[in-house]
Number of protein chains: 2
Amino acid sequence: MGMKNIAVEESHTQQLILKEVEKSPFVSKTQKKIYLKKGEDPLNAIDTKNYFYFVISGKLKIYQIDFKTSKELTLYMLSRGDMFDVVSLLDGNPNQYISEVLEDTELVSIPLEDVKQMILDDNTFRQLFYTYLAAKLKSMENLAVSLSFYDVYQRVLQLFTNFTYMQGNKPTLKIIDNLRHEDIASMVGTVRKVVNRSLQKLKKDGVIELSRKNIQIKNFQKLLDKLNV
Amino acid sequence: MGMKNIAVEESHTQQLILKEVEKSPFVSKTQKKIYLKKGEDPLNAIDTKNYFYFVISGKLKIYQIDFKTSKELTLYMLSRGDMFDVVSLLDGNPNQYISEVLEDTELVSIPLEDVKQMILDDNTFRQLFYTYLAAKLKSMENLAVSLSFYDVYQRVLQLFTNFTYMQGNKPTLKIIDNLRHEDIASMVGTVRKVVNRSLQKLKKDGVIELSRKNIQIKNFQKLLDKLNV
DNA sequence: GTTATTCTGCCTCCTAGGTAGCAACAAATA
DNA sequence: TATTTGTTGCTACCTAGGAGGCAGAATAAC
């Protein structure tokens with residue numbers, strides 16, 4: 001399924017998006033910076049019915065909760081170069097997500113109408129926006145597929161693979177390297193205690209290194225070998 | 001989560017899309033009709049790298065297979081008013097789906113570039129297209145969420161609810177009413193034998209009626225009552 | 001420095017759902 | 001009409017993973 005390149009490809013698009021946004025005449029006129037503190041509820045600061053947001057830095061978890069079991073599923077883990085909420089932008093309805101600020105976050109807000117105009121006027125931005133949209137739809141399809149086909153252990157392997165980038169020539173885990181196991185669990189659609197089993201197994205096998213709020217790739221090749229096709 | 005209205009809303013957008021497509025000057029010039037026979041492999045007739053397709057009638061299952069277990073997951077069940085492939089249109093890469101013609105199907109094909117131009121030029125079509133995109137992204141999010149949170153029985157209930165429309169004032173199952181249990185299973189992310197248990201239970205409880213390749217809603221209120229929030 | 005809180009690791013139990021296999025029957029085809 | 005193929009229903013088994021509970025360690029708050 002070529003999952004290995006998805007994260008990398010996204011990241012590339014996202015870098016270009018920020019550059020294009022900076023150049024845009026709209027942004028200089030109507031942009032507003034928003035700063036969110038870790039742990040703060042973004043609901044008060046964010047209005048997806050009227051504004052569109054670009055993530056400059058930080059980390060934002062967009063998820064849903066099953067209130068019966070209090071199990072979570074993370075739909076999007078937003079970081080530098082991400083935008084939201086695309087669904088609200090497209091259909092005009094405010095979203096139903098729950099969000100949590102995992103790290104102090106800096107956003108640029110632009111009125112929805114200006115973004116729509118930008119998509120029409122700016123050919124480069126339009127193509128980048130479309131590519132971003134396609135990536136999000138694909139990533140959601142992949143999430144559904146992996147929830148249906150693979151066990152927790154495989155899903156954890158896939159998660160790590162998707163978030164591993166080359167640092168020089170050393171494969172390094174980004175974005176999800178300093179999460180709580182609780183958040184890892186939410187990203188692969190299970191609960192902490194279960195994801196912990198997989199993490200311990202990978203640690204025992206010398207694939208990763210674990211310490212409090214820190215996961216590192218120790219042997220990326222071994223990780224790839226354990227991936228089911 | 002307001003799932004009950006999603007299917008209805010989609011259907012409304014899809015009707016309007018077909019009307020708009022018919023009016024379009026592009027369509028009259030460059031459209032081509034394509035007819036697919038039930039069971040035929042669409043791969044030969046369909047070229048998503050260069051063309052975009054509108055479904056006029058019939059039924060097309062877009063899915064993925066886990067070759068290890070031969071379990072399937074249906075990502076999209078396309079019928080009248082649906083379009084594909086939106087991902088290819090957006091990012092220019094050919095898709096990786098597997099498709100199956102469940103009923104004789106009639107398509108209109110339009111070159112990708114013409115559709116892109118149509119999105120730019122035709123305000124009405126653009127908004128419809130965006131709404132459609134948003135609906136697809138949402139439905140994929142819902143699929144992931146329901147796979148993660150709910151058991152097979154609940155997922156079946158949700159599936160039936162999403163595909164129940166008002167026929168006069170009688171709640172009637174559409175599109176998925178004449179599928180094999182195999183296909184129902186693929187839509188809720190499980191296998192036939194497991195989905196069969198849920199179907200038998202619903203039959204026993206007087207919620208649905210079952211016969212070969214036919215499912216009917218017998219008591220819609222009862223169905224809603226069994227839905228978890 | 002001390003207390004409180006959050007994070008992590010590891011038990012044990014138990015059920016949903018996946019696997020296997022088969023038989024009855026409907027429907028398509030020869 | 002006879003034969004083959006596709007669809008459905010049901011049994012019995014077994015394992016992945018969710019639930020509950022708890023203790024130790026790291027960090028944050030006071």
Side-chain angles (χ1 to χ4, degrees), chain A residues 37-40 61 65-73 100 102-104 146-157 176-205 208-216 228, chain B residues 37-39 61 65-73 100-104 146-157 176-205 208-216 228:
Chain A
K37 277 275 169 214
K38 175 178 171 182
E40 179 186 355
K61 173 171 125 183
I65 296 187
D66 178 18
F67 291 104
K68 271 235 170 61
T69 66
S70 73
K71 192 176 159 184
E72 294 180 2
L73 182 68
E100 185 183 343
L102 297 186
E103 286 176 14
D104 292 3
S146 78
L147 284 168
S148 175
F149 291 171
Y150 305 111
D151 59 17
V152 170
Y153 183 69
Q154 278 296 316
R155 301 208 298 272
V156 170
L157 288 176
I176 62 166
D177 58 325
N178 60 352
L179 296 181
R180 300 171 303 159
H181 294 182
E182 192 82 44
D183 294 318
I184 303 279
S186 168
M187 293 188 81
V188 299
T190 183
V191 292
R192 185 188 66 82
K193 303 175 195 203
V194 175
V195 91
N196 186 49
R197 289 174 200 159
S198 296
L199 293 176
Q200 294 308 320
K201 196 174 167 192
L202 288 172
K203 179 185 174 185
K204 212 183 93 195
D205 291 354
I208 59 174
E209 263 178 9
L210 286 178
S211 56
R212 194 185 168 89
K213 287 218 182 197
N214 187 278
I215 304 177
Q216 284 186 25
N228 274 344
Chain B
K37 277 275 169 214
K38 175 178 170 181
K61 174 172 126 183
I65 296 186
D66 178 19
F67 290 104
K68 269 233 169 64
T69 65
S70 74
K71 194 175 158 184
E72 295 181 1
L73 182 67
E100 185 182 344
V101 184
L102 295 186
E103 285 177 14
D104 293 1
S146 79
L147 284 168
S148 174
F149 291 171
Y150 305 112
D151 60 17
V152 170
Y153 183 69
Q154 278 297 317
R155 301 208 299 271
V156 170
L157 288 176
I176 62 165
D177 59 325
N178 61 352
L179 297 181
R180 300 171 303 158
H181 294 181
E182 192 83 43
D183 294 317
I184 303 280
S186 168
M187 293 186 82
V188 298
T190 183
V191 292
R192 185 188 66 83
K193 302 177 195 204
V194 174
V195 92
N196 186 50
R197 288 173 201 159
S198 296
L199 293 176
Q200 296 307 321
K201 195 173 168 194
L202 288 173
K203 179 185 174 186
K204 213 183 93 194
D205 290 354
I208 58 173
E209 263 177 9
L210 288 177
S211 56
R212 194 186 168 86
K213 286 219 184 196
N214 188 280
I215 303 177
Q216 284 185 26
N228 274 345

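Residue numbers begin at 1 in each chain, while the letters A, B, ... track the order of the sequences.
- Separating the CD atom of B:Q154 from the C1' atom of C:dG17 is a distance of 15 Å, rounded to the nearest angstrom.
- Residue A:R212 has its side chain nearest to C:dC7 when only D:dG17, C:dG18, C:dC7 are considered.
- Checking side-chain atoms of A:D104 against main-chain N and O of A:K38 turns up a donor-acceptor pair under 3.5 Å.
- Contact between B:L210 and B:Q200 at its shortest, heavy atoms only, is CD1-NE2, 3.9 Å.
- Regarding B:R180, its CZ atom lies at a distance of 5 Å from the P atom of D:dT7, rounded to whole Å.
- Of all the heavy atoms in B:K71 and B:T190, the pair that sits closest is CE-CA, 3.9 Å.
- Rounded to whole Å, atom P of D:dG18 lies 12 Å from atom CG of A:D66.
- As rounded to whole Å, 9 Å separates atom C1' of C:dG17 from atom NZ of B:K71.
- Proximity of a side-chain donor or acceptor of A:K68 to a complementary backbone N or O of B:F149 within less than 3.5 Å is not detected.
- Following rounding to the nearest Å, A:E209 (CD) and C:dT8 (P) show an atom-to-atom distance of 16 Å.
- Contacts between residues 192-204 of chain A and DNA chain C, defined by a heavy-atom separation under 4.0 Å, are made by A:R192, A:K193, A:N196, A:R197, A:Q200.
- Among the nucleotides C:dT19, C:dG18, D:dG18, the one closest to any side-chain atom of B:T190 is C:dG18.
- For the pair A:I184/A:I215, a side-chain contact is recorded, criterion being any heavy-atom separation below 4.5 Å from C-beta on.
- The CG-P distance, from A:D183 to C:dT6, rounds to 14 Å in whole Å.
- Side chain of B:R192 to backbone of B:A185: no donor-acceptor contact under 3.5 angstrom is found.
- The side chain of A:K213 has C:dC7 as its nearest neighbour among C:dC7, D:dT8, D:dG18.
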